[in-house]
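Side chains are part of it too, since the values below use all heavy atoms of this structure and drop only hydrogens, waters and symmetry mates. Just so we're clear, the structure is a prediction, and the values are computed from it rather than from any experiment.
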Amino acid sequence: HRISVNKENIKEFSSRKVFKPSKQRMSNDSRYPELDAAVLNWFNAMRNPTSRCKPLSLSRAHIQARASHEAKNRGILNFKASDGWFRNWRKRCSIGPSVRLFGEAGDVNLTELEPLIKAIRDKLVCYRASHVFNMDETGLFFRALPTRTYVSSEEGCRKSIRGTKALRAKDRLTLVLCVNATGCCKIDPLLVGSSKHPHCFRDQPSPIPYVSQKNAWVDRDVYKGWWNNVFLPSVRKFTNEPVALLMDNCSGHDPTCLDPNGQVEIIFFPPNCTSVY
């Protein structure tokens, strides 16, 4: 209502450019642009090394320490690498947020692996997708409990709820899994444990093949048993056509295990590539 009453005055003030912003935007310009550039060059060198060195993980404390070091080298006495400086430096240099790193893909040299992977793809051209199988192992921490849970109001304040050692139980089994590219043929999993006669199978047998190994790992003996007793019979039952089996080149995968009928061709992945491909 007040705008409509003072409509004419507002127009007059606008034409005379009387209005001024009540607050001015603070500038994000750096007082020491050469310092910012030096820290950015160091940051890029650590994250994108030109040699065979691996990229380094850099935290806020690392960057602030480097900024203090560069300021000291340049004789800048009144500089302080505070959190405010770090926040503004990130904005000026377009540095993204901190991310959590996981996995091993950062160790993979994609330039060297690409020709090797291309050779594998060329081999698989002559196979139908349903005749390309992939096999790998995974650990199963069967006693570990979820680290999060719902609680009832009767249990009290959620801050008083505590965990148990079972949350970090290290009891492990190994599962050998294999499936074709279309998912229509799933080979029976092989369960590898350290106990020869587990109590859980005392009254009834295991629903899937089970073998024992001292450390619950897949060594060459376990692999040979899986190859002869699990994989080959399942493949023969699925198809009579040629089949390709992809797997990593770990020491437990015995390369001397070959199909006597010549139906299955084993193709090993190059070293240290399964985290990417």
Side-chain angles (χ1 to χ4, degrees), residues 40-59 62-63 90 93-140 174-187 189-190 192 217-220 222-224 226-227 230-232 234-235 238-239 241-259 261-277:
L40 180 61
N41 291 337
W42 168 82
F43 178 87
N44 291 331
M46 296 297 101
R47 291 299 304 152
N48 304 285
T50 56
S51 62
R52 297 179 63 88
C53 298
K54 297 179 176 62
L56 296 181
S57 304
L58 300 175
S59 66
H62 290 140
I63 298 174
R90 277 185 52 204
C93 299
S94 300
I95 304 298
S98 176
V99 297
R100 184 180 298 275
L101 303 178
F102 58 91
E104 302 175 356
D107 291 335
V108 178
N109 189 329
L110 296 178
T111 304
E112 295 180 357
L113 287 178
E114 189 58 37
L116 303 177
I117 296 299
K118 184 179 182 302
I120 294 177
R121 289 172 177 156
D122 293 340
K123 282 185 178 181
L124 297 179
V125 170
C126 60
Y127 293 96
R128 295 168 54 185
S130 60
H131 294 164
V132 177
F133 287 79
N134 185 20
M135 171 268 201
D136 204 355
E137 301 90 0
T138 183
L140 175 63
T174 297
L175 278 172
V176 181
L177 304 175
C178 184
V179 67
N180 64 349
T182 59
C184 63
C185 180
K186 299 180 178 65
I187 307 298
L190 175 66
V192 184
W217 293 341
V218 176
D219 57 11
R220 294 202 170 193
V222 172
Y223 173 77
K224 288 179 182 179
W226 173 83
W227 170 262
V230 179
F231 179 73
L232 285 182
S234 298
V235 169
F238 174 67
T239 181
E241 298 182 22
V243 166
L245 175 61
L246 298 171
M247 66 178 73
D248 58 44
N249 65 337
C250 80
S251 59
H253 298 167
D254 190 354
T256 62
C257 287
L258 301 175
D259 184 1
N261 298 344
Q263 179 187 5
V264 181
E265 178 185 6
I266 300 177
I267 302 176
F268 290 103
F269 286 115
N272 304 323
C273 76
T274 53
S275 59
V276 176
Y277 295 99

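Side-chain contact between L58 and F43 is present, with at least one heavy-atom pair separated by less than 4.5 Å. By the 4.5 Å heavy-atom criterion applied to side chains, T239 and Q263 are counted as neighbours. Residues I117 and R121 have side chains in contact (heavy-atom distance under 4.5 Å, counting atoms from C-beta outward). Looking at L190 and L175, their side chains never come closer than 4.5 Å, going by heavy atoms from C-beta outward. Two residues are said to be in side-chain contact when any heavy atoms from C-beta on lie closer than 4.5 Å; L245 and M135 meet this criterion. Inter-residue side-chain proximity for F268 and M247 is flagged as met; some heavy-atom pair is nearer than 4.5 Å. In this structure, E265 and V243 have side chains that are not in contact, with every pair of non-hydrogen atoms separated by 4.5 Å or more. At a threshold of 4.5 Å between non-hydrogen side-chain atoms, the residues T174 and L140 do not count as touching.
One finds the CG atom of N134 at 11.0 Å from the CD1 atom of I267 (value rounded to the nearest 0.5 Å). Between the SG atom in C250 and the CH2 atom in W217 there is a gap of 11.5 Å [rounded to 0.5 Å]. The CG atom of D259 lies 5.0 Å from the CG atom of L232; values are rounded to the nearest 0.5 Å. The CH2 atom of W226 sits 9.0 Å away from the OG atom of S234 when rounded to the nearest 0.5 Å. Note: I120 CD1 to L246 CG = 6.5 Å, rounded to the nearest 0.5 Å. Note that the CE atom of M46 and the CD1 atom of I63 stand 11.5 Å from one another [nearest 0.5 Å].
Residues Y223 and G252 share a closest heavy-atom pair of CB-O, 3.3 Å. Residues L40 and C93 approach most closely at CD1-CB, 3.9 Å, considering heavy atoms. The minimum heavy-atom distance between P270 and L116, with the atom names listed, is CG-CB, 3.7 Å.
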*Go through the steps to decide whether I187 and V179 satisfy the test side chain to side chain contact (heavy atoms under 4.5 Å, CB included), and finish with yes or no.*
CA-CA 6 Å; I187 307 298; V179 67; over 6 Å; no
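Applying the ring pair (Phe, Tyr, Trp, His ring centres under 6.0 Å) criterion to W42, with sequence neighbours excluded, gives no partner residue. By the salt bridge (charged side-chain N to carboxylate O under 4.0 Å, His left out) test, K186 pairs with no residue at all, sequence neighbours left out. Here E241 pairs with R128 under the salt bridge (charged side-chain N to carboxylate O under 4.0 Å, His left out) rule; sequence neighbours left out.
Distance alone, capped at 3.5 Å, is enough to place a donor-acceptor pair between the H253 side chain and the D248 backbone. At distances below 3.5 Å, not a single donor-acceptor pair connects side-chain atoms of D254 with backbone N or O atoms of R220. Without hydrogens or angle criteria, N180 side chain to C184 main chain gives a donor-acceptor distance under 3.5 Å.
Using a 30° and 60° split on the angle between ring planes, F133 and F238 fall in the perpendicular class, above 60°.
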